[in-house]
Structures are given as C-alpha cells and as structure tokens.
S.K.: 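The structure that follows is given in the form of structure tokens.
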Amino acid sequence: QVQPVESGGGLVQPGGTLTLSCAASDSNFRTKSMAWYRQAPGKERDWVATIASTSRSIYTNSVRSRFTISRDNTKNTVYLQMNSLQPDDAAIYYCNTASREWNWGQGTQVTVSS
C-alpha cells in the first residue's frame, strides 16, 4: 500500500504564503488524479483541490483564486501553493489520490496566526 509523505507546513501570518509538497512511491502516479485534503481540529477531513492526470485542476470554493495545485510526474510529487492564507485555512493538510486509494500519511500542519 502506498503512503504519501507530506511536507512544507508551518506557521504563517495571515496573508502569508506556503507551498506544500506530497511525494509517493506509486509507479502509476502519472495516471492518477491527485488531491489535497485538510482537517481542522474537531472537524472532518475536507477536500481542497484535485489535479487530473491531464493537469486540469478544480478547487473548493473557499480556496479558489488563492491556492494552486500542481504536479511533477518525474518526481511523483504533487504541490499545493497557498497564497493569502487566512486563519480558517489552518489545518492538517493531506494528499491522496482523488479516489482516496492510498493509506493516509501523517499530513503537514498549517497554522495561520499573527
């Protein structure tokens, strides 16, 4: 079973920027739609963004125009650039396939606070 490794989280002030990375050892990575999810304390894990194998991307309404999902198939890595971060964006961020077929990784913590 594949387990991704997320990284890049941290503490940022409101309005700041972070770029998350997610790497996974999946030989079929390039054929899969990949997604980012997040889970805030006391809440369920929510979908954030998806990038298809074609690199077409879609976003949940609250992050559209602020976040950008991208992928590098040569590195089996998916990224999430997050601009204009707000306190409501604070959560643990996870990646998985769009169908959630992998095991969940440890995630990477994003804290937005002044």
Side-chain angles (χ1 to χ4, degrees):
Q1 264 285 18
V2 176
Q3 183 160 339
V5 178
E6 300 94 346
S7 61
L11 171 63
V12 63
Q13 293 185 343
T17 296
L18 281 175
T19 298
L20 309 182
S21 301
C22 168
S25 298
D26 186 333
S27 59
N28 294 315
F29 179 88
R30 65 176 57 248
T31 69
K32 298 182 178 179
S33 291
M34 296 300 305
W36 282 96
Y37 307 84
R38 65 185 180 186
Q39 186 169 20
K43 296 186 177 181
E44 294 187 352
R45 187 175 290 153
D46 291 331
W47 168 75
V48 175
T50 295
I51 184 166
S53 59
T54 59
S55 291
R56 181 177 180 270
S57 57
I58 54 174
Y59 302 87
T60 193
N61 286 342
S62 63
V63 308
R64 189 174 296 123
S65 79
R66 298 188 298 122
F67 289 11
T68 302
I69 188 171
S70 60
R71 64 192 298 161
D72 184 340
N73 291 333
T74 67
K75 298 180 180 179
N76 280 18
T77 299
V78 60
Y79 304 96
L80 186 67
Q81 181 177 339
M82 306 184 295
N83 299 328
S84 302
L85 281 161
Q86 303 167 5
D88 284 350
D89 296 317
I92 299 175
Y93 282 71
Y94 302 88
C95 77
N96 208 315
T97 67
S99 59
R100 308 188 184 196
E101 67 184 73
W102 293 344
N103 290 329
W104 291 100
Q106 295 296 312
T108 186
Q109 177 75 54
V110 172
T111 304
V112 184
S113 175
S114 55

S.K.: Counting C-beta onward and ignoring hydrogens, is there a side-chain heavy-atom pair between Val48 and Phe67 closer than 4.5 Å?
M.R.: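 In short, these two side chains touch, coming nearer than 4.5 Å.
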S.K.: Measure across Arg66 and Asp89 and return the closest heavy-atom pair with its distance rounded to 0.1 Å.
M.R.: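 Heavy atoms only, the tightest pair is NH1-OD2, 2.7 Å.
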S.K.: Evaluate the criterion side-chain contact (heavy atoms from CB on, under 4.5 Å) for residue pair Arg45 and Tyr94; output intermediate values, then yes/no.
M.R.: CA-CA 9 Å; Arg45 187 175 290 153; Tyr94 302 88; 3.5 Å; yes
S.K.: Would you check if Glu101 and Gln1 make a side-chain contact, meaning some heavy-atom pair closer than 4.5 Å?
M.R.: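 No; the side chains remain at least 4.5 Å from each other.
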S.K.: Do Val110 and Leu18 touch side chain to side chain, with heavy atoms closer than 4.5 Å?
M.R.: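 They are in side-chain contact.
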S.K.: Does CD belonging to Gln3 count more than 12 external heavy atoms closer than 6.0 Å?
M.R.: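 Yes, CD of Gln3 has more than 12 neighbouring heavy atoms, counting only those of other groups under 6.0 Å.
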S.K.: Do you reckon Trp102 sits in the same ILVMFWY cluster as Tyr93, going by side-chain contacts under 4.5 Å, direct or chained?
M.R.: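 Yes.
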S.K.: What's the spacing between Thr31 OG1 and Asp26 CG if we round to 0.5 Å?
M.R.: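 Here the rounded value is 7.0 Å.
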S.K.: I'd like to know whether the aromatic ring centres of Trp104 and Tyr37 sit less than 6.0 Å apart in this structure.
M.R.: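 Centroid separation for Trp104 and Tyr37: below 6.0 Å.
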S.K.: On a heavy-atom basis, which atom in Gln39 and which in Ala91 lie closest, and how many Å separate them?
M.R.: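 Answer, listing the atom of Gln39 first, then Ala91: O-CB, 3.4 Å.
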S.K.: Under a 3.5 Å distance rule, please check whether Thr111 uses its side chain to pair with a backbone N or O of Leu11 as donor and acceptor.
M.R.: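 Checking the backbone N and O of Leu11 against the side chain of Thr111, no donor-acceptor pair under 3.5 Å is found.
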S.K.: If you group Ile, Leu, Val, Met, Phe, Trp and Tyr by side-chain heavy-atom gaps below 4.5 Å, do Trp36 and Trp47 land in one group?
M.R.: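 In one cluster: no.
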S.K.: Using the rule side-chain contact (heavy atoms from CB on, under 4.5 Å), only one of Cys22, Ser33, Ser55 pairs with Arg71; which is it?
M.R.: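 Exactly one candidate clears the test, Ser55.
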S.K.: Assigning hydrophobic clusters by single linkage (Ile, Leu, Val, Met, Phe, Trp, Tyr; side-chain heavy-atom cutoff under 4.5 Å), is Tyr79 placed with Val5?
M.R.: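 In one cluster with Tyr79: Val5, no.
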S.K.: Given the rule in the side-chain contact (heavy atoms from CB on, under 4.5 Å) test, do Thr50 and Ser57 qualify, once you have shown the distances and angles that lead to the verdict?
M.R.: CA-CA 5 Å; Thr50 295; Ser57 57; over 6 Å; no
S.K.: Grab the two heavy atoms, one from Asn96 and one from Asn103, that are nearest each other, plus how far apart they are.
M.R.: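 That would be ND2-O, 3.9 Å.
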S.K.: Can Val2 be reached from Ile51 by stepping across I, L, V, M, F, W or Y side chains whose heavy atoms are under 4.5 Å apart?
M.R.: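 In one cluster: yes.
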S.K.: Looking only at heavy atoms, what is the nearest atom pair of Ser114 and Pro14, with distance?
M.R.: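 Scanning both residues completely, I find the closest heavy atoms to be N-CD, 3.7 Å.
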S.K.: Could you please spell out the steps behind the side-chain contact (heavy atoms from CB on, under 4.5 Å) verdict for Met34 and Thr97?
M.R.: CA-CA 4 Å; Met34 296 300 305; Thr97 67; 4.0 Å; yes
S.K.: Rounded to the nearest 0.5 Å, what's the gap from OG on Ser53 to CG on Asn28? Could you check?
M.R.: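 The OG atom of Ser53 sits 11.5 Å away from the CG atom of Asn28.
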S.K.: Could you give the distance from CG (Asp88) to OG (Ser62), rounded to the nearest 0.5 Å?
M.R.: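 Taking CG in Asp88 and OG in Ser62, the distance rounds to 8.5 Å.
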S.K.: Ignoring hydrogens, what is the shortest heavy-atom contact between Phe29 and Thr77? Give both atom names and the distance.
M.R.: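 Minimum heavy-atom contact is CZ-N, 3.5 Å.
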S.K.: Could you tell me the separation between the CZ atom of Arg38 and the CD atom of Gln109, rounded to the nearest 0.5 Å?
M.R.: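 The distance works out to 12.5 Å.
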S.K.: Any link between Leu20 and Val63 through a network of hydrophobic side chains (Ile, Leu, Val, Met, Phe, Trp, Tyr) touching at under 4.5 Å?
M.R.: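 Yes, Leu20 and Val63 fall within the same hydrophobic cluster.
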S.K.: For residues 4-24, which residue pairs pass the side-chain hydrogen bond (donor to acceptor under 3.5 Å, both in side chains) check, not counting sequence neighbours?
M.R.: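 Sorted result for residues 4-24: Thr17-Asn83.
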S.K.: Can you name the closest pair of heavy atoms from Tyr59 and Thr68 and give their distance?
M.R.: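 Result for this residue pair: OH-CA, 3.3 Å.
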